[in-house]
2 protein chains.
Amino acid sequence: MSHVLVVDDEPGLAHALGITLRASGWTVTTADDGAHALAAAAHHHPDVVLLDLGLPDMSGIDVITALRAWTRVPIVVLSARQHGEDKVDALDAGADDYVTKPFAMNELLARLRAAVRRAAAPADGDEAVVVAGALTVDLARRRVLRDGTEVRLTPTEWSMLEVLVRNRGRLVSRRQLLQEVWGPGYSDETHYLRVYSAQLRRKLEDDPAHPRHIVTQPGMGYVFEA
Amino acid sequence: MSHVLVVDDEPGLAHALGITLRASGWTVTTADDGAHALAAAAHHHPDVVLLDLGLPDMSGIDVITALRAWTRVPIVVLSARQHGEDKVDALDAGADDYVTKPFAMNELLARLRAAVRRAAAPADGDEAVVVAGALTVDLARRRVLRDGTEVRLTPTEWSMLEVLVRNRGRLVSRRQLLQEVWGPGYSDETHYLRVYSAQLRRKLEDDPAHPRHIVTQPGMGYVFEA
DNA sequence: CGCGGGCGTCAAGGATCCGTCAAGGACGCC
DNA sequence: GGCGTCCTTGACGGATCCTTGACGCCCGCG
């Protein structure tokens with residue numbers, strides 16, 4: 001099923017949400033302030049973020065803005081204020097939906113499902129399995145086969161390959177790659193790209209010195225060619 | 001601006017919504033029952049549908065289902081019932097958002113904007129392909145094809161070509177070109193333009209000495225001619 | 001006719017970027 | 001604690017690319 005990041009500083013509510021969500025088949029990560037939320041989002045790549053606007057360290061709007069700087073993950077906002085201007089602010093900042101406390105749990109679940117479904121829908125071109133020469137990349141099962149035998153990838157290697165394969169045939173800029181794999185704040189760590197592109201090539205390419213699938217576009221980024 | 005289809009059977013509310021929406025820059029079509037709503041949606045292709053669930057001829061859920069059979073136009077639902085199970089049903093049927101009466105008009109406007117923005121976002125990079133004779137410039141994928149084969153450009157070459165192509169048919173002044181490619185503070189480095197226009201012509205033009213696409217306007221700047 | 005400015009061409013550096021190898025160090029597992 | 005995996009970081013050739021300078025051409029003008 002899908003993965004949800006719950007951001008809430010009230011331990012009781014966060015706990016209750018976690019139990020209910022897990023009972024509904026979600027996997028759950030929790031964060032109790034904005035900084036941890038951003039770190040967790042970058043690390044876990046949740047399918048949806050459930051964000052309480054009342055956080056101790058930074059405003060919820062800032063969290064939304066920071067997330068929207070690098071990801072389109074759906075954000076469902078949770079707020080105590082019933083008639084707050086912050087509804088408008090949150091939606092304009094890039095939130096996808098808004099739930100006011102108190103809320104019915106089944107309504108919240110429906111909104112989360114709707115948010116995930118909306119986000120998944122435009123990804124039409126996504127087939128779960130992409131074949132490129134001797135390579136078979138199964139995006140759903142997170143597996144790669146080369147000449148029919150499985151290749152073991154580390155989490156970071158897989159993450160980078162996944163971004164490239166989902167954008168196969170088109171250039172992925174260094175910046176985009178760094179942000180999607182390592183998260184915001186890593187936009188300039190271009191060295192990571194060199195290290196990991198080399199590792200992927202060593203594991204996936206027939207001739208790592210002359211790669212046919214993971215192609216460098218000097219000065220710009222990388223492309224996965226099928 | 002965008003076009004909204006308002007589906008409501010209360011003449012007073014529909015009228016008030018129409019006035020407010022038009023004042024906010026929307027163009028508006030109204031329908032007072034489900035059958036007319038479906039016909040109007042098929043005819044006008046609105047950018048967003050604002051749907052009141054309480055309709056005389058059919059249930060709002062059925063309207064959503066019928067729309068979703070053929071279009072992904074965002075649907076924002078309007079309902080009087082505050083704690084109704086119909087919220088969940090509407091969202092699961094394919095609605096994008098939900099507003100409960102009574103509602104603040106600026107919240108409704110924000111939700112409509114958010115719905116349209118969400119729907120438009122994935123389509124952004126589309127249609128960014130410019131064809132000029134034997135040249136094909138794909139602005140989204142950052143690729144250039146000449147007679148069907150890809151041409152490798154350096155980052156600076158691409159950046160300059162991109163500015164010219166985005167302003168195709170219009171003169172781009174030397175100053176503007178320098179600032180957009182090299183940044184502010186390079187307004188007088190006209191020599192760069194000569195070097196890079198020459199490189200682009202060598203890579204893209206059939207006869208670099210007599211360019212047909214990257215044309216110099218002496219003393220002023222350059223034009224990309226399709 | 002001589003001169004100068006704008007433009008195009010070519011080539012040479014120096015800076016930057018890329019690929020590679022390898023050494024710490026964090027973390028989980030036994 | 002010992003071990004293995006993985007991420008991060010550094011160093012270093014080699015390739016690529018940006019910048020800069022020199023030079024020739026064309027054309028208008030004095």
Side-chain angles (χ1 to χ4, degrees), chain A residues 39 42-45 142 144 150-164 171-175 177-183 185-223, chain B residues 142 144 151-164 171-175 177-183 185-223:
Chain A
H43 188 241
H44 290 98
H45 292 273
R142 304 196 129 224
V144 189
E150 180 161 4
V151 180
R152 269 190 25 88
L153 297 182
T154 72
T156 305
E157 286 164 3
W158 170 261
S159 179
M160 179 165 166
L161 178 66
E162 184 178 11
V163 174
L164 290 173
L171 173 75
V172 183
S173 71
R174 293 182 297 201
R175 182 186 186 78
L177 207 43
L178 286 164
Q179 290 192 347
E180 294 208 19
V181 176
W182 282 269
Y186 287 77
S187 307
D188 300 321
E189 304 286 346
T190 56
H191 191 44
Y192 290 3
L193 297 180
R194 288 195 285 281
V195 173
Y196 276 90
S197 61
Q199 289 183 356
L200 282 175
R201 281 165 181 159
R202 205 173 312 130
K203 291 186 177 182
L204 303 179
E205 298 274 1
D206 289 330
D207 180 3
H210 303 91
R212 295 178 48 222
H213 297 114
I214 299 170
V215 181
T216 302
Q217 301 244 350
M220 310 217 235
Y222 294 82
V223 192
Chain B
R142 306 195 119 217
V144 188
V151 180
R152 268 192 25 88
L153 297 183
T154 73
T156 306
E157 287 164 4
W158 169 261
S159 179
M160 178 164 167
L161 179 65
E162 185 178 11
V163 174
L164 290 173
L171 172 73
V172 184
S173 72
R174 292 182 297 201
R175 182 187 186 77
L177 209 42
L178 286 164
Q179 289 191 348
E180 294 207 22
V181 176
W182 283 269
Y186 287 77
S187 306
D188 300 323
E189 304 286 346
T190 56
H191 190 44
Y192 289 2
L193 297 180
R194 288 195 285 282
V195 173
Y196 277 90
S197 60
Q199 289 185 356
L200 281 175
R201 282 166 180 158
R202 204 174 313 129
K203 290 187 178 182
L204 303 179
E205 298 274 2
D206 289 332
D207 181 3
H210 303 90
R212 296 178 47 220
H213 298 113
I214 298 171
V215 181
T216 303
Q217 301 244 352
M220 313 194 58
Y222 294 81
V223 192

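Chain letters run A, B, ... following the sequence lines, proteins first and then strands; every chain starts at 1. Values below: all heavy atoms of this structure, side chains included; hydrogens, waters and symmetry mates excluded.
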message = Before you tell me yes or no, could you show the steps for Met160(B) and Ser197(B) under side chain to side chain contact (heavy atoms under 4.5 Å, CB included), namely the whole-Å CA-CA distance, both residues' side-chain angles and the distance that decides it to 0.1 Å?
response = CA-CA 8 Å; Met160(B) 178 164 167; Ser197(B) 60; 3.9 Å; yes

task = Check the pair Trp182(A) / Leu193(A) against side chain to side chain contact (heavy atoms under 4.5 Å, CB included), numbers first and verdict last.
result = CA-CA 10 Å; Trp182(A) 282 269; Leu193(A) 297 180; 4.0 Å; yes

note = When rounded to the nearest 0.5 Å, the distance separating CE of Met220(A) from CZ of Arg152(B) is 7.5 Å

message = To the nearest 0.5 Å, what is the distance between CZ on Arg174(B) and OG1 on Thr216(B)?
response = 10.5 Å

request  = Please confirm whether the backbone N or O of His210(B) pairs with a side-chain atom of Glu205(B), one donor and one acceptor, at under 3.5 Å?
outcome  = no

query = Is the distance from OP1 or OP2 of dC18(C) to the nearest side-chain N or O of Arg194(A) less than 4.0 Å?
reply = yes

task = Tell me which residues in residues 197-207 of chain B put a heavy atom below 4.0 Å from DNA chain C, sorted by number, or none.
result = Ala198(B), Arg201(B)

key: Spacing between Tyr196(B) atom OH and dA11(C) atom P, to the nearest angstrom   = 17 Å

request  = Give the rounded distance in Å between these two atoms: CG of Leu178(A) and P of dC17(C).
outcome  = 13 Å

query = Across the strands shown, which category fits Tyr222(B) at heavy-atom distances under 4.0 angstrom: base, sugar-phosphate, nothing?
reply = sugar-phosphate

task = For the pair Leu153(A) and Leu200(A), evaluate side chain to side chain contact (heavy atoms under 4.5 Å, CB included) and give the outcome as yes or no after the intermediate values.
result = CA-CA 8 Å; Leu153(A) 297 182; Leu200(A) 282 175; 4.0 Å; yes

key: Atom-pair distance (CG on Leu193(B); P on dG6(C)), nearest Å   = 13 Å

ask   = To the nearest angstrom, how far is His191(B) atom NE2 from dA11(C) atom C1'?
value = 11 Å

First and last nucleotide of DNA chain D, 5' to 3', lying under 4.0 Å from heavy atoms of chain B = dC17(D) to dA22(D)

task = Measure from CD1 on Ile214(B) to P on dC7(C) and round the result to the nearest Å.
result = 16 Å

ask   = Passes side chain to side chain contact (heavy atoms under 4.5 Å, CB included), Leu161(B) versus Tyr196(B)? Steps please.
value = CA-CA 9 Å; Leu161(B) 179 65; Tyr196(B) 277 90; over 6 Å; no

query = So how far is it from Tyr222(B) OH to Gln217(B) CD, rounded to the nearest 0.5 Å?
reply = 11.0 Å

message = What contact category does Thr216(B) fall into here, base, sugar-phosphate, or nothing, at under 4.0 angstrom with non-hydrogen atoms?
response = sugar-phosphate

query = Roughly how far, to the nearest 0.5 Å, is CG of Leu178(B) from CG of Asp188(B)?
reply = 8.0 Å

